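Working notes, beginning with the structure itself.
Throughout, protein chains are lettered first and strands after them, A, B, ... in sequence-line order, and every chain is numbered starting at 1. Everything numeric here is computed off the predicted structure, so don't read it as measured data. Hydrogens, waters and symmetry mates play no part in the numbers below; they use all other heavy atoms, side chains included.
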Number of protein chains: 2
Amino acid sequence: MATKYDRIAADLREQIVGGTLHPGQQLPPETTLRDHYRVSLVTMRRALDELAAEGLIEKRHGYGTFVRKPRQRVVRDATRHQWEKDRARLSHGERFGTGATERDTGLEMKDLDFRADYAIVPADKESAQIFGVPAGTKLLKRVYRTKPKSEEYPLGLGHSLLVHDVVAKNPDLLDSGNEPWPGGTQAQLYTLGIELGHIKEEIIARPPSASEAEQLGIDSGVSVFDLRKISFDINGRVVEIANTVLAGDRTQLVYTINLDRWQ
Amino acid sequence: MATKYDRIAADLREQIVGGTLHPGQQLPPETTLRDHYRVSLVTMRRALDELAAEGLIEKRHGYGTFVRKPRQRVVRDATRHQWEKDRARLSHGERFGTGATERDTGLEMKDLDFRADYAIVPADKESAQIFGVPAGTKLLKRVYRTKPKSEEYPLGLGHSLLVHDVVAKNPDLLDSGNEPWPGGTQAQLYTLGIELGHIKEEIIARPPSASEAEQLGIDSGVSVFDLRKISFDINGRVVEIANTVLAGDRTQLVYTINLDRWQ
DNA sequence: GAGTGGTCTAGACCACTGT
DNA sequence: CAGTGGTCTAGACCACTCC
């Protein structure tokens, strides 16, 4: 026999996908549901937690439990990198106002809250190894937060590492006041004469830290994508290490692999 | 103040990463831990569930709770597709015994338990749309299970869809008895004169279904990668739709994006 | 202040594992 | 069989949100 909480979750799941419960609709309080299903509160809550992990409902402390609007996932397509590269050398006007995030979401710059914080940090062992520099080398760490004004929570939490002495050749790149830089990082690197040759992305899934769960507005049980992007210039040197944490229930990642023709 | 279960989890986490608790070591029973931390059993269990979701411990019903060996993630590198393509036209002997899974894990065929089940199914709406055929069209559905003999659980659960009338031109491809086919799907398609041009992979993270959790041996709270691979031939026609479900705490996905040179 | 979800308790009983 | 983790209960109290 399945567990009670599984059967209750299945019952509610059916009502949600079947349309008996409408998106946005508030569910009865836990105590009422508990009486209806004749179980203890703990069991009732466990059933609800299951549905929250699936993204079907959303619980708001002190307020209520609601059926989620069919949350369409934001698609993050890796062709964004080629697209960004093609635009890196365009004029300021052509680059202005639309970056890779805007392309993913279909939103414009004015619909987004954007923040960037810069700091200089010493390279830890892992970063140093990837960059091929001694541990402790000065790095420019840039922390990004981008949030659609129409949403309560940001799409992702990101930061980027660059070797300080490399980017310092253009002092404009050390000033976070110049963000958002039209055209993004590849346009910034272009001012240094750097052209990217290839990009490697490594993806893992893991539970969010408490802070990430709070910042991303993640319900208990939802995992995050932890994506590390390593950018190489045309000579194979590592230029940037960027990290992005994306809510696992709101994101779809897409990659296209082109294959060489047979001879 | 943080919650009790968070503080208990933090305490145990520190002991695990700090080395006070060794990999493979059994933790005291929940009741003993409960007495030690002076909390209720429910609270104690919640702390342990947190660590299980992080992959730091592994709970075995009726047996005990153990510190996990630093689980190294299996890397699934998308360059596997090009590698597989390069090998598709090699001789049987050169293809034999090493496929993409073996390449990922470093294991040989003899170290793997392999099973394939074939069935003919009608295309549902979504598959039909992707293939560009009418709904209900006969598809060959192939279900795969691959498990290292040294592990208790499979790496992933996979299935693949092909248009039946296309592959039926080579009757050998309809017989699961011919699996594992040396060189994999691309070698199979080669017998039909089909060459792949590009591959698109779509990735989402979600909680496992009850059946997936059981088959993959996933602890509560761990998400899975749900990866859909769509293979296009050199004319842009969809040839295969393949789906793989991978344990989120045991897998790392890697993609390399090559960028066109500036003119 | 009224109503909601979040944490926590002490205890019972069940289900699974290895010997 | 003994020992373990898994489910479930009835109830207390806390923390948050809105009016």
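- One interatomic measurement links the two molecules: CD of A/E58 to C1' of D/dT17, which rounds to 14 Å at whole-angstrom precision.
- In this structure, CZ of A/R45 is placed 11 Å from C1' of C/dC8, rounded to the nearest angstrom.
- B/L48 has its CG atom 14 Å from the P atom of D/dT4, to the nearest Å.
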Please list, pair by pair, any protein nitrogen or oxygen found under 3.5 Å from a nitrogen or oxygen in nucleotides 16-19 of chain C.
| residue | atom | partner | partner atom | Å |
| --- | --- | --- | --- | --- |
| C/dT17 | O4' | B/G62 | O | 3.4 |

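- Applying the ring pair (Phe, Tyr, Trp, His ring centres under 6.0 Å) criterion to B/F66, with sequence neighbours excluded, gives B/Y63.
- Listed pair A/T43 / D/dT9 meets the phosphate criterion, a side-chain N or O lying under 4.0 Å from OP1 or OP2.
- Contact check, A/R46 against D/dC8: no side-chain N or O comes under 4.0 Å of OP1 or OP2.
- Taking B/D219 as the reference, B/R68 meet the salt bridge (charged side-chain N to carboxylate O under 4.0 Å, His left out) condition, with sequence neighbours excluded.
- Remark: B/R38, B/V39, B/S40 in residues 20-41 of chain B come within less than 4.0 Å of DNA chain C through at least one heavy atom.
- Atom OH in A/Y5 sits about 13 Å away from atom C1' in C/dC14, given to the nearest Å.
- Counting only residues at least two apart or in different chains, salt bridge (Lys or Arg N to Asp or Glu O under 4.0 Å) contacts with residues 16-30 of chain B comprise B/E30-B/R45, B/E30-B/K59.
- Under the ring-ring contact (aromatic ring centres under 6.0 Å, His included) criterion, no residue pair touches residues 4-59 of chain B, with sequence neighbours excluded.
- For A/I57 and C/dG5, the CD1 to C1' distance is 11 Å, given to the nearest whole Å.
- The CG-C1' distance, from B/D6 to C/dT7, rounds to 11 Å in whole Å.
- For B/R145, there are no salt bridge (charged side-chain N to carboxylate O under 4.0 Å, His left out) partners two or more places apart in sequence or in a different chain.
- Set against D/dA10, C/dG5, D/dG6, the side chain of A/V42 has D/dA10 as its closest nucleotide.
- Side-chain contact annotation: B/E179 with B/Y144, donor-acceptor N/O pair under 3.5 Å present.
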Could you pull out all donor-acceptor pairs under 3.5 Å where a side-chain atom in residues 153-161 of chain A meets a protein atom, sequence neighbours excluded?
| residue | atom | partner | partner atom | Å |
| --- | --- | --- | --- | --- |
| A/S160 | OG | A/R142 | NE | 3.3 |
| A/S160 | OG | A/R142 | NH2 | 3.0 |
| A/S160 | OG | A/E240 | OE2 | 2.7 |

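- As a whole-Å value, the separation of B/K4 NZ from D/dA12 C1' is 13 Å.
- Between B/E126 and B/R228 there is a salt bridge, with a side-chain nitrogen of the basic residue lying less than 4.0 Å from a carboxylate oxygen of the acidic one.
- Residue pairs meeting the ring-ring contact (aromatic ring centres under 6.0 Å, His included) criterion with at least one partner in residues 202-227 of chain A, sequence neighbours excluded, are absent.
- In this entry the distance linking CE of B/M44 with P of D/dT4 reads 14 Å, nearest Å.
- Residue B/T65 has no polar side-chain atom (N or O) positioned under 4.0 Å from OP1 or OP2 of D/dT4.
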